[in-house]
Amino acid sequence: MSSDRYIDFANSDIGRRLVGAVGLPVPVHLERWQAGRLRPIEGTLLISAGPLADHVRIFAQRLTDSLYSFGSDQPGATAWVAEQGPKLKAVVFDASTLVHADQLKQLREFFQPILKSFDHSAHVLILGRAPESLSDPLAASTQQAIEGFSRSLAKEMRNGGTVQLLHIDDGAEDQLEGALRFFLSPKSAYISGQVVRLRPCSTHVQDWSRPLSGRRALVTGAARGIGAAIAETLARDGAEVVLVDVPQAKADIEALAARLGGQSLALDICATDAAAQLIQGLSGHNGNGIDIVVHNAGITRDKTLANMTPELWEAVLSVNLIAPQVLTKALFDSGTLHDNGRVILLASISGIAGNRGQTNYAASKAGLIGLAKAWAPSLHERGISINAVAPGFIETKMTADLPFALREAGRRMSSLGQGGLPQDVAEAVAWLSQPGTGAFSGQVLRVCGQSLIGA
Ligand SMILES: NC(=O)c1ccc[n+]([C@@H]2O[C@H](COP(=O)([O-])OP(=O)(O)OC[C@H]3O[C@@H](n4cnc5c(N)ncnc54)[C@H](O)[C@@H]3O)[C@@H](O)[C@H]2O)c1
């Protein structure tokens, strides 16, 4: 589902010539995950040397059947030779051992020869250590330098390629497979230039074809747009879904719930008795409690501050921030949210960068990011993670309603040169819902095509 005609035009014969002649960016159709696909990587995976890379080699053959190593032969992998090796669909570079500034040249030495060999929609992952976890200031500075490198490489990628930096804490190596299945596959098509940290976590995915099997997930605002895509994706991954939306959208959530084999609850999340209704709706004959809570319902009421009425302010703060705060606390205090639960808050890059005409919206979304950061340490005791997902420009009704110039700017001002799809946000939420992602908490994952806004 893309109403972005510019991509089609820019990739047509005549369009490509015209667009090139006037120097406009040429966004490409991104490869997305298709239902029924089994292998995360359909193409060649190249792995560097290094201790974290050795952990990746343990499970790499489950990711792809075309495995190459850089520099030397490794068991089960062929040595990759520049200009002779196959095109690269995925690359893992282990930068965790770089502790002196003069070792940073290894980044150039590794990546320069492979730049021309990237396949369409290739995914690059650099593995490092969180600078704040290192006691030696020079080592921390060296690891921080890798962030600048990876964000810049992300901006230089072509043909829909992406780059992320993954910080792996000691003891979190056993969470690499879940992260790689996400970041090296089309599930992360619209995520680029991000830095993510994995900490140790005792829970693991049992079955990669249905990682959410046996888990029950609540999704608010599930009638359409991003919320409906999240419900579909969580159900695809094996979760039993409970769909919430306003009473006016009752028919839509009932139809979707019937199709996904889930449950629907028509409910205004701002109602004074919303928490009680929710807790009651989540217990009873359909089962007890919940494992995954996705606060997706959100609204915009844009006006510059000069023209912002109390009603517009209240409406946005109530739906976007107060309801997620109140409902999460109630689900937590009542024990409805199970141990090892996952809470995911739909923020926005407006909440990171601010946006003209969105003082109310940006405040609400920044508040959600604050909620994830502040709550993560205490929820950790029960194995619960809480994270924010910050979408950039996503093709939905919310963005279709924007004035033309704003809509075009939103799409093009990113490294991937286009808006994302609801599925892109849904895949990120599904990954954060997995048992293993307890390793990831109190963080913000941007799904924005490396938007220039707030980057
Ligand atoms: N579309 C984007 O580009 C974009 C970008 C950044 C963040 N987001 C965020 O993603 C989320 C989903 O966005 P979308 O574009 O799919 O929006 P949408 O307007 O298409 O859907 C939002 C859904 O939330 C429901 N909802 C609104 N108020 C509710 C309430 N009081 N109780 C229960 N349900 C309620 C609506 O009925 C609707 O079904 C929102 O939180 C939004 O702020 C969207």
Side-chain angles (χ1 to χ4, degrees), residues 1-4 190 218-233 242-257 264-275 277-278 281 294-302 314-324 326-327 344-355 358 360-369 371 388-402 406-407 409-411 413-414 418-426 428-429 444-449 451 453-454:
M1 186 218 74
S2 168
S3 50
D4 187 346
Y190 196 60
L218 172 76
V219 184
T220 68
R224 65 175 194 218
I226 295 172
I230 292 171
E232 300 243 10
T233 309
V242 183
L243 312 182
V244 168
D245 211 298
V246 288
Q248 299 92 296
K250 190 167 186 279
D252 290 335
I253 46 169
E254 277 177 359
L256 185 57
S264 66
L265 270 177
L267 167 73
D268 178 346
I269 56 168
C270 301
T272 43
D273 63 345
Q277 280 194 60
L278 201 55
V294 186
H295 289 291
N296 163 79
I299 59 169
T300 49
R301 297 287 183 270
D302 296 356
E314 287 304 325
V316 167
L317 268 295
S318 301
V319 178
N320 295 8
L321 181 59
I322 299 171
V326 169
L327 298 182
I344 296 133
L345 306 156
L346 265 289
S348 162
I349 56 170
S350 289
I352 298 170
N355 199 12
Q358 290 198 319
N360 53 354
Y361 184 76
S364 72
K365 296 301 190 182
L368 292 178
I369 292 170
L371 193 66
V389 168
F393 184 98
I394 306 296
E395 306 282 353
T396 65
K397 182 166 186 317
M398 190 180 262
T399 46
D401 291 344
L402 288 172
L406 262 183
R407 197 163 68 232
R411 282 174 175 153
M413 279 170 55
S414 66
Q418 59 194 286
L421 301 183
Q423 183 192 350
D424 298 325
V425 182
V429 170
V444 188
L445 180 60
R446 290 173 59 134
V447 183
C448 67
S451 168
I453 298 166

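Fair warning: this is a prediction, and the values are worked out from it, not measured in the lab. Order of listing sets the numbers, starting from 1, for every ligand and every atom in it.
- Across all their heavy atoms, Leu445 and Ala428 have their closest contact at CD2-CB, 4.0 Å.
- Ligand 1 has at least one atom lying under 4.0 Å from a heavy atom of Lys365.
- In this structure, Gly392 is part of the shell of residues with a heavy atom less than 4.0 angstrom from ligand 1.
- Taking any N or O of Thr399, backbone or side chain, none lies under 3.5 Å from an N or O belonging to ligand 1.
- Taking every heavy atom of Gly221 and a limit of under 4.0 angstrom, the matching atoms of ligand 1 come to 23 (C), 24 (O), 25 (C).
- Distances from ligand 1 to the non-hydrogen atoms of Leu267 include at least one value under 4.0 Å.
- For Thr220, the closest heavy-atom approach to ligand 1 does not fall below 4.0 Å.
- The closest heavy-atom contact to atom 18 (P) of ligand 1, among the options Arg407, Arg224, Gln248, Lys397, comes from Arg224.
- Where the criterion is an N or O separation shorter than 3.5 Å, residue side chain and backbone included, Ala222 fails it with respect to ligand 1.
- Closest protein heavy atom to atom 12 (C) of ligand 1: Asn296 OD1, 3.1 Å.
- Under the 4.0 angstrom criterion for non-hydrogen atoms, Val244 is not in contact with ligand 1.
- The closest protein non-hydrogen atom to atom 3 (O) of ligand 1 is Ile394 N, 2.9 Å.
- The N/O atoms of Asp268, backbone and side chain alike, include one that comes under 3.5 Å of an N/O atom in ligand 1.
- Remark: minimum distance from atom 16 (O) of ligand 1 to any protein heavy atom is reached at Ile226 N, 2.8 Å.
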Pair His295-Leu368, side-chain contact (heavy atoms from CB on, under 4.5 Å): steps then yes or no: CA-CA 10 Å; His295 289 291; Leu368 292 178; 5.9 Å; no

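- The nearest heavy-atom contact from the protein to atom 22 (C) of ligand 1 is Gly298 O, 3.9 Å.
- Atom 6 (C) of ligand 1 has its nearest heavy-atom neighbour, among Pro391, Ala271, Ala266, in Pro391.
- Looking at Ala390 against ligand 1, nothing comes within 4.0 Å, counting heavy atoms.
- When hydrogens are left out, the protein atom nearest atom 25 (C) of ligand 1 is Asp245 OD1, 3.4 Å; that is the closest non-hydrogen contact.
- By the criterion of a heavy-atom distance under 4.0 Å, the side chain of Val319, and not its backbone, is placed next to ligand 1.
- Among Ala347, Gly225, Gly410, the residue whose heavy atom lies closest to atom 7 (C) of ligand 1 is Ala347.
- For ligand 1 and Tyr361, the ligand atoms under 4.0 Å from any heavy atom of the residue are 6 (C), 7 (C), 8 (N), 9 (C), 42 (C), 43 (O).
- At under 3.5 Å, not a single nitrogen or oxygen of Ser348, backbone or side chain, sits near a nitrogen or oxygen of ligand 1.
- Closest heavy-atom approach to atom 32 (N) of ligand 1 among the candidates Ile269, Leu265, Ile299: Ile269.
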